[in-house]
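Below: one structure, written as C-alpha cells.
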Amino acid sequence: MAHDDLSGKDITAVSSAGVSHETAAPGTAVIPSETFENPGFPPHRPRVTDTDPKAEKKAERQVYTFFYLSIVGSIFAIASYMAFPIEDGDTGALRLHTMMLGIGIVLALFGLGFGAVHWSKSLMANHEGIDLRHPVRGSDETRARAVEIFKQANEESGFGRRTLVRNTLLGALVAFPLPAVVLFRGWGPQNENPVELLEHTMWKKGARLTLDPSGLPIKASDVTLGSAFHVIPEGLNESEHRLEEKAKAAVLLMRLDPAKLKESPERRGWSYDGIVAYSKICTHVGCPVALYEQQTHHLLCPCHQSTFDVTEECKVIFGPAKRALPQLPIAVDGEGYLIAQSDFHEPVGPSFWERSSS
C-alpha cells in the first residue's frame with residue numbers, strides 16, 4: 001500500500017509482491033519533451049477575382065451597387081418619415097409609418113454592410129501576414145514603416161484606385177446617419193419654443209382630477225390613507241392631441257397623514273387634508289415616476305433611480321434628478337370631487353430645458 005508521511009520525502013509504493021518503487025517527490029513538475037512544430041500558413045488559394053479580370057470587374061460593380069443601394073435606403077427612410085406621418089390614435093398609420101421607415105433603414109444597413117464585406121472578400125489583397133506588436137512609441141524607422149504600410153494597404157485595397165467604389169462608400173457613409181438626424185429632430189417641438197410648451201398643460205382652475213385611463217372623476221373620500229392614484233385632467237381622453245397632452249399632464253395623487261407633510265408657506269393650501277398631487281414626469285430625463293413606497297413616502301423613478309420625498313414637497317433625496325417634481329395645487333368642489341386650483345407653477349419634465357422663456 002502507499003504511504004506519505006507529509007514530510008516532503010519521497011513516496012514509496014510497495015507492490016503486492018513486496019517490491020518497492022521510489023517515485024518523484026510531491027509537487028515535482030513533469031515537463032514533456034514532445035513539442036509541436038509551427039505548421040505555418042496554409043497553401044495560398046487564389047480567388048477567381050485574382051485570376052480573372054472579368055470577375056474582378058463584376059465584383060467591383062456589385063460592391064458599388066450595394067453602396068448605391070445604401071444611399072437609396074437612407075433617402076427612402078427620410079422620405080418615408082415625411083410621407084407617412086403618425087396620426088394621433090391611428091394605429092394603422094403608426095404601423096405603416098414604422099414599416100416604411102424600417103424598410104429604408106434596413107436597406108441602408110444591408111447595402112453598407114454587404115458592400116463592405118464583399119469588397120474585402122473579393123477585391124482587397126488576399127494574402128496572410130504577421131504583424132508583431134511593439135510597446136509604446138516606435139522609432140523613426142518604425143513610424144516611417146507605418147506610413148509605408150498605409151500606402152501599401154491603400155494599394156492592396158484599391159481605395160485610391162477604385163474611385164467609383166470609394167466615392168459610393170463615402171456617399172453611403174454620409175447618407176446613412178441622415179435618417180437618424182431627421183428622426184431625432186422630429187422628437188422635438190417644430191418651430192415652437194419648448195419652454196412655453198412645457199410651462200402649460202391641460203390643467204386649469206376647476207378641472208377635475210380623473211383616473212387614468214378611464215377618465216372617471218375622483219372624490220376626496222375615495223383617496224384613502226397610504227393610497228396612490230395615476231391621474232389625468234378631465235377631458236384629456238377627448239383631446240385632439242391626447243398623447244402629447246398626457247405626456248405633460250400625468251399626475252400622481254397620494255394621501256398622507258397631514259402631520260407628516262412639511263409644506264412651505266407659499267404652498268400652504270395646495271393640498272387637501274393630506275392629499276397631494278405631483279407631476280408624474282421625472283425631472284431627470286422625463287421617465288414616468290410610478291413607484292410609491294407607502295412606509296417611507298418616497299417616489300422612485302425606475303429608469304435611473306431618482307428618489308423624491310413626498311413629505312417634503314417631492315424634493316430629490318437620491319439619484320441624478322436635480323430638482324423636485326412640480327406640484328399641482330388641488331382643492332375640492334361642492335360635490336366633493338378633487339379639482340385643480342390652477343396649472344403647474346413651473347415647467348414639467350426634464351431639467352435640461354431652459355428654465356426661462358427669455
Side-chain angles (χ1 to χ4, degrees), residues 193-210 217-221 223 225-234 236 245 247-286 288-290 292-294 296-301 306-334 336-358:
N193 186 349
V195 178
E196 295 179 359
L197 292 176
L198 293 176
E199 278 182 339
H200 303 288
T201 71
M202 280 193 64
W203 292 109
K204 59 183 179 181
K205 185 176 181 180
R208 284 182 174 178
L209 280 66
T210 63
I218 308 172
K219 286 188 174 183
S221 57
V223 187
L225 195 65
S227 61
F229 293 89
H230 298 261
V231 174
I232 54 177
E234 185 179 23
L236 184 141
E245 293 298 338
K248 298 187 296 180
V251 161
L252 277 172
L253 186 73
M254 296 143 289
R255 187 165 201 161
L256 291 71
D257 182 352
K260 294 183 178 180
L261 289 177
K262 302 175 183 178
E263 299 176 306
S264 57
E266 60 271 16
R267 293 196 182 187
R268 294 191 185 278
W270 284 21
S271 61
Y272 177 80
D273 195 21
I275 303 175
V276 291
Y278 286 94
S279 171
K280 187 179 173 180
I281 313 304
C282 183
T283 54
H284 178 219
V285 292
V289 180
Y292 177 56
E293 293 183 344
Q294 291 182 339
T296 61
H297 305 299
H298 292 168
L299 282 174
L300 287 80
C301 177
S306 292
T307 307
F308 306 88
D309 189 348
V310 180
T311 64
E312 296 192 46
E313 300 178 347
C314 271
K315 74 174 185 179
V316 182
I317 59 174
F318 180 79
K322 298 301 181 183
R323 65 184 177 94
L325 295 174
Q327 184 175 1
L328 179 70
I330 59 173
V332 172
D333 63 12
Y337 289 102
L338 290 169
I339 59 173
Q341 297 184 27
S342 65
D343 198 354
F344 292 102
H345 288 209
E346 58 181 313
V348 300
S351 294
F352 54 76
W353 296 107
E354 287 293 333
R355 300 285 291 159
S356 65
S357 57
S358 57

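Reckoned from all heavy atoms, side chains included, excluding hydrogens, waters and symmetry mates.
Between the side chain of Lys322 and the backbone N or O of Thr283, no donor-acceptor pair lies under 3.5 Å.
The only member of Glu263, Arg267, Glu313 that meets side chain to side chain donor-acceptor pair (under 3.5 Å) when paired with Gln327 is Arg267.
Note that CD of Glu245 is 12.0 Å distant from NE2 of His200, once rounded to the nearest 0.5 Å. Atom-to-atom distance recorded for Leu252:CG and Ser279:OG is 8.5 Å, nearest 0.5 angstrom. Here the OG1-NE2 distance, from Thr307 to His298, works out to 7.5 Å after rounding to the nearest 0.5 Å. For the atom pair Leu225 CG and Leu256 CG, the distance stands at 7.0 Å (nearest 0.5 Å). Taking CZ of Phe308 as the start and CG of Leu300 as the end, the distance is 9.0 Å to the nearest 0.5 Å. Taking CD1 of Ile317 as the reference point, atom OG1 of Thr296 lies at 7.0 Å (rounded to 0.5 Å).
Using a 4.5 Å heavy-atom cutoff, the side chains of Val332 and Tyr337 are not in contact. You'll find the side chain of Ser271 reaches within 4.5 Å of the side chain of Leu261, heavy atoms only. Considering only heavy atoms from C-beta on, Ile330 stays 4.5 Å or farther from Gln341 through its side chain. Here the side chains of Pro258 and Asp273 are in contact, with some heavy-atom distance below 4.5 Å. Using a 4.5 Å cut-off on side-chain heavy atoms (C-beta onward), Phe344 and Lys248 make no contact.
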Run the side chain to side chain contact (heavy atoms under 4.5 Å, CB included) test on Trp203 and Val251 for me, step by step, so that the C-alpha distance in whole Å, both residues' side-chain angles and the decisive distance to 0.1 Å come before the verdict. CA-CA 10 Å; Trp203 292 109; Val251 161; 3.6 Å; yes

Take Asp343 and Lys204 through the side chain to side chain contact (heavy atoms under 4.5 Å, CB included) test and state the conclusion after the steps. CA-CA 5 Å; Asp343 198 354; Lys204 59 183 179 181; 6.0 Å; no

Show your reasoning for whether side chain to side chain contact (heavy atoms under 4.5 Å, CB included) applies to Thr210 and Ile218. CA-CA 6 Å; Thr210 63; Ile218 308 172; 5.6 Å; no

Test side chain to side chain contact (heavy atoms under 4.5 Å, CB included) on Leu338 and Val223 and set out the steps. CA-CA 10 Å; Leu338 290 169; Val223 187; 4.0 Å; yes

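Within 6.0 Å of OH in Tyr272 there are 12 or fewer heavy atoms belonging to other residues, nucleotides or ligands.
At a cut-off of 3.5 Å, with distance as the only test, a side-chain donor of Tyr292 or His297 sits close to an acceptor on the other residue.
Across all non-hydrogen atoms, the minimal contact from Gln294 to Gly226 is NE2-O, 2.7 Å. Across all their heavy atoms, Ile275 and Ala220 have their closest contact at CD1-O, 3.8 Å. Among all heavy-atom pairs drawn from Cys282 and Leu325, the shortest one is CA-CD2, 4.1 Å. Here the shortest heavy-atom pairing between His284 and Pro350 reads O-CB, 3.4 Å. The two residues Met202 and Ala249 have their closest heavy-atom pair at N-CB, 4.4 Å. In terms of heavy atoms, Cys314 sits closest to Leu299 at SG-CD1, 3.9 Å.
Qualifying salt bridge (charged side-chain N to carboxylate O under 4.0 Å, His left out) partners for Glu312, counting only residues two or more places apart in sequence or in other chains: Lys262, Lys315.
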